[in-house]
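These values consider heavy atoms only, across backbone and side chains, with no hydrogens, waters or symmetry-generated copies. Quantities reported herein were computed from a predicted structural model and do not represent experimental measurements.
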Amino acid sequence: MSLLQNLDHEEAGAVEGVNTSFIWLEVTGKCQLQCEHCYADSGPSGSHGRMSEDDWIKVIDDAANAGVEMVQFIGGEPTLLPALPSLIRHALLRELKVEIFSNLVLIRPEVWEVLMLPGVSLATSYYSTDGEIHDLVTGRTQSHQKTKSNIAQAVSLGIELRVGIIDLTDSQDVEAARQELIDLGVGEDRIGVDRLRGVGRGLSLPTEPLSQLCGRCADGVLAVMPDGTAHPCVFSRQEEFTVGNVRESGLANVLSGVKLRNTRELMRDEFESRDTNPDYEVRDCQPDCHPSCAPSCSPSCSPSCIPMGNCRPVVGPPY
């Protein structure tokens, strides 16, 4: 029996005391780009989903009331959502730390304004010093030029910025890309490298979903999707990992629900087995992979730079 099938035998009801400190808010599936590795399978044909501005405000309120410390707005491209500035301001009003993960292709003036507010940080992805290679990854011409220019703009405005480089091909020259970012003014400790994850368009071959997870998605994090469904993290977005729907039952019920508790327990058991299972070839994330990892995963795999030990994603086919 698959490990995931165990979740079908849960008991009804809810449990108290489920600790969650960080939530991804995937506010849209729409994006100007169509990156070949996109974990969310987003693009120009995507939509903002079923969540209204009021729905997202309710989620933010519930998160603050539940003791969540930080939210990250992601997509798709979150800056395409007209309501993003007001959602960011509301999250700050509720004393939540905020990060926006953007492709930095086009930033509206009103978005730049909220990015400069105290308590807000920015994250983006970068692929190569070679514009043609970068644009090939993103599926849009001139995306390299626009992203590079807006990275420089963010630095000049004093916005807290981190950049993840996704290592997809040898032709990217990751080290050259890292040096270019440093030359643009991005701090060395704010640049990280991650590999392709077999999720969304990154899935080239059938594989066990749990094998694509880093090992930290069972620890105090949650992701809410544009349709309101909730998952343990943005990479565990398959239907079998759905732990509730905030539009239907509210975030508080999802956080205290048996489905989330059982899914996290299942994941912990799986991740712990990687240390002793001879069929698993694993490697450590660098520097480590709890939600802020400064950063090694895209989007951010964690909200705070607290040493949490090594994460253990599986290496080997289909990478």
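For Glu110, the CD atom is densely surrounded, since the number of other residues' heavy atoms within 6.0 Å is greater than 12.
Side-chain contact between Ser143 and Asp135: present, with at least one pair of heavy atoms (C-beta onward) separated by less than 4.5 Å. Contact check for Val59 versus Met51: side-chain heavy atoms found under the 4.5 Å cut-off. Taking the side chain as every heavy atom from C-beta outward, Glu77 and Val105 never approach each other to under 4.5 Å. Counting only heavy atoms from C-beta outward, the side chains of Val68 and Leu222 never approach each other to under 4.5 Å. Side-chain contact check for Arg268 versus Glu265: some heavy-atom pair is nearer than 4.5 Å. Side-chain contact between His48 and Pro82 is present, with at least one heavy-atom pair separated by less than 4.5 Å. In this structure, Ile133 and Tyr127 have side chains that are not in contact, with every pair of non-hydrogen atoms separated by 4.5 Å or more. Side-chain contact between Asp173 and Asp130 is absent, with no heavy atoms from C-beta onward closer than 4.5 Å.
Salt bridge present: Arg178 and Glu175 bring a charged side-chain N and a carboxylate O closer than 4.0 Å.
Scanning for side chain to side chain contact (heavy atoms under 4.5 Å, CB included) contacts around Leu117 gives Arg89, Leu92, Val114, Val120, with sequence neighbours left out. Considering only residues two or more places apart in sequence or on other chains, Pro78 meets the side chain to side chain contact (heavy atoms under 4.5 Å, CB included) condition with Val27, Phe73, Leu84, Ile100. Among residues two or more places apart in sequence or in another chain, the side chain to side chain contact (heavy atoms under 4.5 Å, CB included) test is passed with Ala252 by none.
Pairing each heavy atom of Ser125 with each of Val163, the nearest pair is C-CG1, 4.3 Å. The two atoms that bring Cys31 and Asn103 nearest to each other are SG-ND2, 3.5 Å, heavy atoms only. Nearest heavy-atom pair, Phe241 versus Pro232, reported as atom, atom and distance to 0.1 Å: O-CD, 3.3 Å. Closest approach of Met70 and Val98 over heavy atoms only: CE-C, 4.4 Å. Across all non-hydrogen atoms, the minimal contact from Ser128 to Ala177 is CA-CB, 4.1 Å. When all heavy atoms of Phe101 and Ile74 are compared, the closest pair comes out as CB-CG2, 3.7 Å.
By the criterion of side-chain heavy atoms lying less than 4.5 angstrom apart, applied directly or through intervening Ile, Leu, Val, Met, Phe, Trp or Tyr residues, Ile23 is not grouped with Leu93; the two fall into different hydrophobic clusters. Under the 4.5 Å side-chain contact rule for hydrophobic residues, Ile57 and Met225 do not share a cluster. Connection of Leu255 to Leu96 is established within a shared hydrophobic cluster, with ILVMFWY side chains joined at heavy-atom distances below 4.5 Å, either directly or through further cluster members. A continuous path of Ile, Leu, Val, Met, Phe, Trp and Tyr side chains, each step under 4.5 Å between heavy atoms, connects Leu104 with Val111, placing both in one hydrophobic cluster. Put simply, Leu87 and Leu80 are part of two different groups of oily side chains (I, L, V, M, F, W, Y) that touch within less than 4.5 Å, one to the next.
Counting only residues at least two apart or on different chains, the salt bridge (charged side-chain N to carboxylate O under 4.0 Å, His left out) pairs with a member in residues 50-68 are Asp55-Arg247, Lys58-Asp62, Asp61-Arg94. Sorted pairs that involve residues 161-184 and meet ring-ring contact (aromatic ring centres under 6.0 Å, His included), not counting sequence neighbours, are lacking altogether. For residues 166-189, no pair satisfies ring-ring contact (aromatic ring centres under 6.0 Å, His included), with sequence neighbours left out.
Here the CG-CD1 distance, from Leu251 to Ile60, works out to 10.5 Å after rounding to the nearest 0.5 Å. Going from atom CD of Glu239 over to atom OG1 of Thr229 covers 9.5 Å, rounded to the nearest 0.5 Å. Note that the CD1 atom of Ile159 and the CD1 atom of Ile151 stand 12.0 Å from one another [nearest 0.5 Å]. Rounding to the nearest 0.5 Å gives a distance of 13.5 Å between OG1 of Thr147 and CD of Gln153. Taking OG of Ser121 as the start and CZ of Arg190 as the end, the distance is 7.0 Å to the nearest 0.5 Å. The distance from atom CD1 of Ile107 to atom CG of Asn150, rounded to the nearest 0.5 Å, is 6.0 Å.
The aromatic rings of His134 and His144 sit perpendicular, their planes meeting at an angle over 60°, well past the 30° parallel limit.
Ser102 places no side-chain N or O within donor-acceptor distance of the main-chain N or O of Thr124, the cut-off being under 3.5 Å. Ser149 places no side-chain N or O within 3.5 Å of a backbone atom of Lys146 that could act as its donor or acceptor partner. Formation of a donor-acceptor pair under 3.5 Å by the Asp227 side chain with backbone atoms of Gly49 is not found in this model. Remark: side-chain polar atoms of Arg264 are not paired, donor with acceptor, to backbone N or O of Arg261 under 3.5 angstrom.
The side chain to side chain donor-acceptor pair (under 3.5 Å) with Trp24 is formed by just one residue from the set Gln72, His231, Glu99; it is Gln72.
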Test Ile191 against Tyr126 for side-chain contact (heavy atoms from CB on, under 4.5 Å), laying out the working first.
-> CA-CA 10 Å; Ile191 303 169; Tyr126 201 65; over 6 Å; no

